Amino acid sequence: MAFTASIILFPNKERLLPMKNIIKIITGFTLLVSLTFCSPERPLVNSPDGAIKLSFNLKNGVPGYSVSKDGKTIIDTSFLGFEFKSVPSMSDGFELSSLEHNAFKENWKPLWGEKEEVVNEYNELVVNLIQPDELKRKVIVRFRLFNDGIGFRYEFPRQPNLDKFVIMNELTQFKLTADHKAWWIPGDHDSYEYKYTTSKVSEIDISKTEYAERPDRFVSHPKSVNTPITMQSDDGLYLAFHEANLTDYAGMTLIVTENLTFEADLVPWANGDRVRAEAPFTTPWRTIIIADDIDELYNSNLVLNLNEPNKLKDVSWIEPMKYIGVWWEMHIGKSQWAKVDIEGSWAGSGLPHGATTENTKRYIDFAAERGIKGILVEGWNAGWEYWGADTTGFFDFVTPYNDFDINYLVNYAKEKGVELVGHHETSGDVINYDERLEDAFKFYNELGIRSVKTGYAGQIRPKGERHHGQFNVRHYRRVVETAAKYNVMVNAHEPIKDTGIRRTYPNMLTREGVRGMEFNAWSDGNPPEHTTIIPFTRGLAGPIDYTPGIFDLKFEKYRQPNRVHTTLAKQLALYVVLYSPLNMAADMPENYIGNPAFEFIERVPVNWDETIVVDGEIGDYTTFARRNGSNWFLGSITDEAPRNKKISLSFLDDNKTYIARIFRDGDDIDYDTNPTSVAIEEIKVTNTSALDIKLAKSGGVAIIFTPNN
Ligand code: NOJ
Ligand code: CA
């Protein structure tokens with residue numbers, strides 16, 4: 001027990017409620033016992049249920065950790081540390097100065113989300129390290145073990161010999177113990193908009209992906225991936241690597257090395273710096289979800305739990321909602337964003353302007369009639385004719401085109417009980433947007449517009465900065481904070497990945513950061529398997545503004561031969577499978593009017609009390625059930641393979657009969673010639689029922705269960 005003297009068992013007392021203290025004391029006691037059995041070189045910490053164990057070690061002065069689940073090593077000794085610019089690195093020469101153990105448990109209620117209550121329970125190991133040379137520099141590694149995985153971060157306390165510093169390389173590793181199957185996208189520094197590749201970890205190679213066709217893209221290594229990256233072992237265990245609370249740091253990509261080790265690779269600033277820091281300074285959490293099954297994988301809360309509680313005092317203006325928009329019509333080539341034509345603009349020269357007062361009224365009327373709250377209008381503001389051109393500063397975000405009467409439309413919508421959704425496309429010109437940020441949000445606030453979709457389609461200005469570098473991470477956060485100041489909810493496109501900050505800023509509702517619906521309009525589109533993968537990869541980070549709900553799947557009057565690669569019933573099912581608190585009904589009113597299938601979109605909620613992944617094989621099929629009050633909604637989808645399956649309804653409440661209103665692929669469905677056929681029917685079911693369902697090629701089924709009383 002030579003070691004106990006240096007252990008501080010109960011630090012941070014002020015943060016604990018009395019009940020939590022009891023938990024701490026108990027854990028502290030068990031800890032004292034267990035420490036007597038583990039050597040000082042390998043301090044241990046367990047998840048609350050004991051299944052996951054992490055051991056910390058120092059090998060020749062280099063810190064490392066390993067992780068096991070149910071006695072089996074899943075992360076082999078992986079090293080930690082940093083290389084700095086100008087000052088000596090903190091990569092080796094460490095000694096352990098002290099350890100702390102803590103335990104914590106709380107239940108908290110998100111303002112909105114996939115479930116009404118989140119359990120945040122972990123055991124913590126705090127490793128205080130020192131380089132005992134003349135500089136005596138210190139770093140803390142804080143590990144948290146949850147029942148569904150682990151998180152750890154580095155903390156640089158205030159100290160005499162570390163003030164301002166530049167991180168040139170974060171040396172964090174994740175060493176696998178087997179060549180798992182992985183679902184991944186390239187480690188592009190500007191975009192997450194890729195098809196997912198399924199391969200063994202050892203076969204990760206971005207030159208075989210769409211990256212090869214995008215010469216404008218920047219990636220630092222052919223074997224680099226973005227996170228979340230999800231893997232499955234031969235015996236079925238899921239692992240997903242990501243990060244939490246990315247606040248003032250570079251986004252982390254991961255490079256796979258020879259021996260199945262993922263190494264952190266931070267997105268650089270234009271001059272090659274990775275992170276500019278000043279002590280005291282903490283990094284984001286590095287996270288590993290470790291899940292026995294697909295439901296535990298999706299329902300993991302550890303990323304959210306590793307963020308700070310809500311910082312906003314008044315949240316009365318935050319309200320999830322569905323929205324429709326003057327949007328798809330521009331993507332398929334019916335109209336364009338710009339009012340004025342300029343050769344070479346991305347906006348779509350030669351087509352009529354979409355965001356006119358008259359056209360917007362059409363959307364408002366439809367939304368008001370069919371229970372959709374928001375109306376997004378893209379192309380409302382002057383400047384779009386320069387979108388994609390090599391010029392800057394062309395959007396001021398407050399000047400409407402003269403065929404768009406914004407004051408009139410705001411009032412027109414208000415009278416009808418609906419509201420406009422704002423739009424700020426920056427084209428990546430962050431310099432310009434930053435300068436105008438306050439005015440842009442003030443403008444919406446004064447009009448009573450309380451949500452905005454942002455966009456960064458274009459290279460970042462200043463030139464050389466990347467969408468996912470520290471420069472832009474800071475910018476994205478400034479936007480969320482400014483929006484909060486003006487009571488505006490944010491839906492960010494071309495964003496930084498979600499790392500759970502919605503817990504702290506619940507006005508950060510949703511984001512893109514995925515190859516969304518738009519790709520079906522103007523490219524080879526998203527393959528049928530895409531939406532069976534993204535809930536379990538990108539979706540582990542948080543809400544996805546995928547923009548489902550296209551009914552005219554082949555849009556034969558517009559861009560051909562493109563199409564949406566699903567059936568119509570699958571479009572409905574996506575409202576349950578994919579979660580977004582701002583969720584779009586993406587098609588145009590003329591394609592919804594008169595179609596009885598729209599009832600499902602009208603009735604599906606954007607906020608849930610409970611979520612269950614009923615079944616799923618990533619890349620093949622999945623079924624989700626979500627509860628709102630006493631109603632359940634189910635969405636089941638398949639990839640290119642038609643499937644017959646039996647779905648157990650055991651998730652329904654005991655002793656209740658439900659009316660199941662089923663929207664399924666019609667009997668005459670044909671993916672190529674008749675993908676829009678939907679059959680709507682009702683049956684009575686209980687939680688002992690099982691449904692036989694038939695899914696067409698890239699088909700789906702969407703069901704509403706209401707108690708029958
Ligand atoms: C890309 C966004 O993802 C899309 O939704 C938007 O319509 C365009 N940029 C224009 O802002
Ligand atoms: Ca996009």
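Note that the structure is a prediction, hence the values are computed from the model and not measured. Whatever order the structure lists ligands and atoms in, that order sets their numbers, starting from 1. One is the number of the first residue; the rest follow in order along the sequence.
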### Query
Is Arg214 positioned over the aromatic face of Tyr194, cation under 6.0 angstrom from the ring centre and no more than 45 degrees off axis?
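Yes, a cation-pi geometry.
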Quick check on contacts: which atoms of ligand 1 are under 4.0 angstrom from a heavy atom of [X]?
X: Trp327; value: 4 (C), 5 (O), 6 (C), 7 (O)
X: Glu518; value: 1 (C), 2 (C), 3 (O), 4 (C), 5 (O)
X: Trp384; value: 10 (C), 11 (O)
X: Glu512; value: 3 (O)

### Query
For ligand 1, is there an atom lying under 4.0 Å from some heavy atom of His423?
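Right, His423 reaches ligand 1.
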### Message
Tell me whether ligand 1 is touched by Tyr456 - counting only heavy atoms on the residue side and a distance under 4.0 Å.
### Response
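No, that is not the case, since the closest heavy atom of the residue is not under 4.0 Å from the ligand.
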What's the atom name of the N, O or S in [X] nearest to the Ca ion (ligand 2)?
X: Glu518; answer: OE2
X: Glu494; answer: OE2
X: Glu193; answer: OE2

If you have a sec, work out which protein heavy atom is nearest [atom] and how many Å separate them, to one decimal?
atom: atom 1 (C) of ligand 1; answer: Glu494 OE2, 3.1 Å
atom: atom 11 (O) of ligand 1; answer: Glu425 OE1, 2.5 Å
atom: atom 7 (O) of ligand 1; answer: Glu378 OE1, 2.5 Å

### Message
Under the ring pair (Phe, Tyr, Trp, His ring centres under 6.0 Å) test against Trp384, which residue among Trp380, Tyr386, Trp387 passes?
### Response
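The residue from Trp380, Tyr386, Trp387 that satisfies ring pair (Phe, Tyr, Trp, His ring centres under 6.0 Å) with Trp384 turns out to be Trp387.
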### Query
Is the centre of the Tyr298 ring less than 6.0 Å from the centre of the Phe624 ring?
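When the ring centroids of Tyr298 and Phe624 are compared, they turn out to be within the sub-6.0 Å range.
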### Message
Please determine whether side-chain hydrogen bond (donor to acceptor under 3.5 Å, both in side chains) holds for the pair Glu329 and Asn359, giving the CA-CA distance in whole Å, both sets of side-chain angles, and the decisive distance to 0.1 Å.
### Response
CA-CA 11 Å; Glu329 59 175 82; Asn359 196 28; 3.1 Å; yes
### Message
Is a donor from one side chain sitting under 3.5 angstrom from an acceptor on the other, for Tyr592 and Glu602?
### Response
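Per modelled atom types, Tyr592 and Glu602 side chains form no pair under 3.5 Å.
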### Query
With the threshold set at 4.0 Å, does a side-chain nitrogen-carboxylate oxygen contact exist between Glu465 and Arg474?
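The answer is no: the pair does not qualify as a salt bridge.
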### Task
Step by step, work out the side-chain hydrogen bond (donor to acceptor under 3.5 Å, both in side chains) result for Lys339 and Asn402.
CA-CA 9 Å; Lys339 178 166 183 276; Asn402 62 9; 3.1 Å; yes
#### Entry: Test item: Tyr323 and Thr547 side chains (from C-beta on) under 4.5 Å apart, heavy atoms
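They are in side-chain contact.
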### Query
With respect to atom 2 (C) of ligand 1, which of His493, Met584, Arg511 exhibits the smallest heavy-atom separation?
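Comparing heavy atoms across His493, Met584, Arg511, the nearest one to atom 2 (C) of ligand 1 lies in His493.
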### Parallel, tilted or perpendicular: rings of Tyr456 and Tyr433 (30°, 60°)
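The rings of Tyr433 and Tyr456 stand perpendicular, inter-plane angle above 60°.
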### Query
Is a side-chain donor or acceptor of Glu512 paired with a backbone partner of Asn491 at a separation under 3.5 angstrom?
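Not a single qualifying donor-acceptor pair exists.
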### Query
Do any N/O atoms on Trp387 end up under 3.5 angstrom from N/O atoms on ligand 1?
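Checking ligand 1 against Trp387, no N or O pair falls under 3.5 Å apart.
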### Query
Could an N or O of ligand 1 be found under 3.5 Å from any N or O of Lys453, whether backbone or side chain?
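Yes, at least one N or O pair falls under 3.5 Å.
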